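Report on the following structure.
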Amino acid sequence: MASEKHPTLTFEGWRYSHYFKLVETKGRNVSVRCTLCPGEKLLSTAVNSIANLTKHLKGKHANMKLVAKDPRRGNDDMSSPTPNKQLKLHFQHQEVTKQELDKLVASFIVDEMLPINTVESPTFRKILSKIPITGDRPPWSDRRTFTGYLDERYLKMEIELKKTFESLQYVSTTADIWSSHNRSFLGITVHWTNPRNLNREKAAIACKRIKGRHTYDVIGFEMEQIHSAFGLSHRITATVTDNGSNFVKAFKMYAPPEPDEEEDEEQVEQGVVFTDVEELLGTTEGQFSLPPHFRCASHTATAKCAALWTKASRSTVASEIVDEICGKKMIVPTSTRWNSFHDALSRISDIPAQDLNTLCTRLDIRGPTEREHLFLKEYCSVLKPMTVALDILQGEENCYYGSLLPTLETLMSRTLALQNRLSRMTADLPGVIVQAIKTRFAPVLESREALLAALTLPKFKVRELATHSSANEKDFFSFDSEVLEYMRSGSELEVLNRFPRVKAVFMKYNTATPSSAPVERLFSLGGLVLTPRRNRLSDKRFERLLLMRYNHPFCADVE
């Protein structure tokens, strides 16, 4: 609509007056109702000005193409009947192509994790019928056609993923096994740093059905097959898993061979290398190798409380009693949230001892003594730094492998600092925790790779250099002047773009995630897809729906 520049123009002579119905005239004021707006809301304007009405059309109906009144028809009577020829309102982008609608519907079904037969629902098809489509092709009429379209989009997503991986030098993976509805699945997620903007990015490449026992050889073979299918075998800097014995043994048995420098030099001098073909073909073990293995940092980390959790979670009456006395619900520990045990204990320890005893009496269970209640409070205070550390290490977008070493060192120092505030019951607990961290993470605390990852992460560089310079200064300062300039630079991640060699080390050693939390989140999403009402989904269909949902950015880009 053209801008109105005639404030003294009367309402009756205005060329857009036919979009308003005259209601009342009082002196020099006019009350009208917009025929384009729902309801009976009145608008006011002066007899000789249409500024308010112009502002209304621009603000509320800017997306409409308004048709001006034909000046040859003179002043229309606003109270007269509707003109013989009804006005046709033209909306912008009123029609969509069949391809656009297909993509929108597929995204809706996958993102909302709806049953595939939603496309056959009469009410859903009634909604689609109201959407104008260019061309004569109707939307899908059955789930068979729709699943064929989903398969096409999945294959395109897979191609996009492979193209992305081909452009990367380093990636890392996380892996775990999940069981649901009497089926087991091997999940694998991939993580990398975008070399252009240094953002953390991720994708899921498998949630594959595993039949039979989850032995180390089965796990090793399936992981190698999945890595190879996406061209990742020689790009993975590390795979992060939990401490399950089957995963630990798989990576131990199929570890990449360490180069023998003396043997290599001897072979170069001789010029000819002979291989026993019969021996090579006759063995199955060791025909492939898995990437370096990092154990998940977050997996390493009361009977009366357990009785209280059980009672409160299984009885509605007990739950109501808890809410009446405590004013809040109990937190029940879960295996998928690693800090839930601490949170559950904290919820109990925060209840005053008198209220807690009253609660246990009414639930007919033994309550904690004053000494036990004090122990719970101190126990939770000692474990608090560990829960903070776990939250940091379970991150994805801003959590690099270089965060692991500084986080462990901070965790140990803060835990030891609590000793002087504890009673004799728990005074030894901080030392026990710190010693356990040193024992469990000894390979990390002594790792050159972990140190380089922390040093090349700008926010930790000064701290880690001061802590470890005596043992590693010679190796690290082989970069000469560039690393000296890097140490003087800021702590923002973007400073790496000014130091290409430091950035190259950062990309290699910070690709891995400190924990296997990402694959746990994949399984949490899988629980929303594989529900009891959808347990007839085939293994292949379940995996594809889950990966399309997890890899939404890649699905959104494909046409």
Side-chain angles (χ1 to χ4, degrees), residues 111-114 178-181 242 298-396 411 414-415 418 421-423 425-426 429-430 433 515 517-518 520-535 549:
D111 290 354
E112 299 302 321
M113 294 171 282
L114 299 175
W178 171 63
S179 296
S180 179
H181 302 293
D242 61 15
S298 299
H299 267 95
T300 307
T302 14
K304 292 180 180 179
C305 292
L308 186 56
W309 294 325
T310 302
K311 195 85 170 183
S313 63
R314 295 183 180 179
S315 169
T316 55
V317 175
S319 179
E320 291 171 357
I321 293 174
V322 171
D323 192 45
E324 174 189 341
I325 296 177
C326 306
K328 56 183 68 174
K329 301 292 183 181
M330 285 290 158
I331 298 177
V332 181
T334 62
S335 58
T336 56
R337 291 184 62 247
W338 299 327
N339 281 342
S340 64
F341 182 72
H342 174 271
D343 295 340
L345 284 180
S346 295
R347 179 62 59 87
I348 293 177
S349 66
D350 289 341
I351 302 173
Q354 184 176 353
D355 292 344
L356 185 58
N357 285 327
T358 302
L359 172 64
C360 293
T361 300
R362 292 188 60 179
L363 295 180
D364 194 25
I365 59 176
R366 293 182 60 190
T369 64
E370 290 186 7
R371 181 180 176 85
E372 290 171 338
H373 190 263
L374 175 62
F375 172 81
L376 286 177
K377 294 186 75 69
E378 292 188 352
Y379 179 80
C380 290
S381 68
V382 174
L383 288 184
K384 182 63 177 178
M386 183 175 291
T387 65
V388 176
L390 287 174
D391 285 337
I392 294 173
L393 297 177
Q394 290 175 46
E396 288 187 61
L411 170 59
R414 293 193 175 184
T415 301
L418 297 172
R421 289 181 277 170
L422 302 174
S423 66
M425 286 188 300
T426 56
L429 187 56
I433 292 176
S515 78
E520 300 282 354
R521 296 187 182 105
L522 174 67
F523 294 150
S524 296
L525 194 60
L528 300 178
V529 176
L530 191 62
T531 62
R533 295 185 62 183
R534 305 181 72 184
N535 60 9
R549 174 64 177 79

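Computed over heavy atoms, backbone and side chain alike; hydrogens, waters and symmetry mates excluded. Note that the structure is predicted; figures quoted are calculated from it, not measured.
- Between I351 and I325, the closest side-chain pair of non-hydrogen atoms is not below 4.5 Å.
- Residues P430 and L422 have side chains in contact (heavy-atom distance under 4.5 Å, counting atoms from C-beta outward).
- Atom OG of S180 is separated from atom CZ of F523 by 11.0 Å, given to the nearest 0.5 angstrom.
- Summarising the geometry, atom CZ belonging to F375 is positioned 9.0 Å from atom CG belonging to L345; distances are rounded to the nearest 0.5 Å.
- The nearest pair of heavy atoms linking C360 to P368 is SG-CD, 4.1 Å.
- If you take SG on C326 and CZ on R347, they are separated by 9.0 Å, rounding to the nearest 0.5 Å.
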| task | Apply the test side-chain contact (heavy atoms from CB on, under 4.5 Å) to residues L383 and L429: give CA-CA distance (whole Å), side-chain angles for both, the deciding distance (0.1 Å), then the verdict. | result | CA-CA 9 Å; L383 288 184; L429 187 56; 5.6 Å; no
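- Between H342 and C380 the shortest side-chain heavy-atom distance falls below 4.5 Å.
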| field | Verdict with reasoning, K329 to D323, per side-chain contact (heavy atoms from CB on, under 4.5 Å) | value | CA-CA 6 Å; K329 301 292 183 181; D323 192 45; 4.1 Å; yes
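- Atom CD of Q354 sits about 10.5 Å away from atom CD of E370, to the nearest 0.5 Å.
- Here the shortest heavy-atom pairing between T531 and G527 reads CG2-O, 3.9 Å.
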| message | For L525 and M113: C-alpha separation, side-chain torsions, deciding distance, then whether side-chain contact (heavy atoms from CB on, under 4.5 Å) applies. | response | CA-CA 10 Å; L525 194 60; M113 294 171 282; 4.0 Å; yes
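- The CG atom of L359 lies 9.5 Å from the CD atom of E324; values are rounded to the nearest 0.5 Å.
- Remark: E378 CD to L418 CG distance equals 10.5 Å, nearest 0.5 Å.
- Taking all atoms of both residues into account, the shortest heavy-atom contact from M330 to I348 is SD-CG1, 3.9 Å.
- Side-chain contact between S381 and S349 is absent, with no heavy atoms from C-beta onward closer than 4.5 Å.
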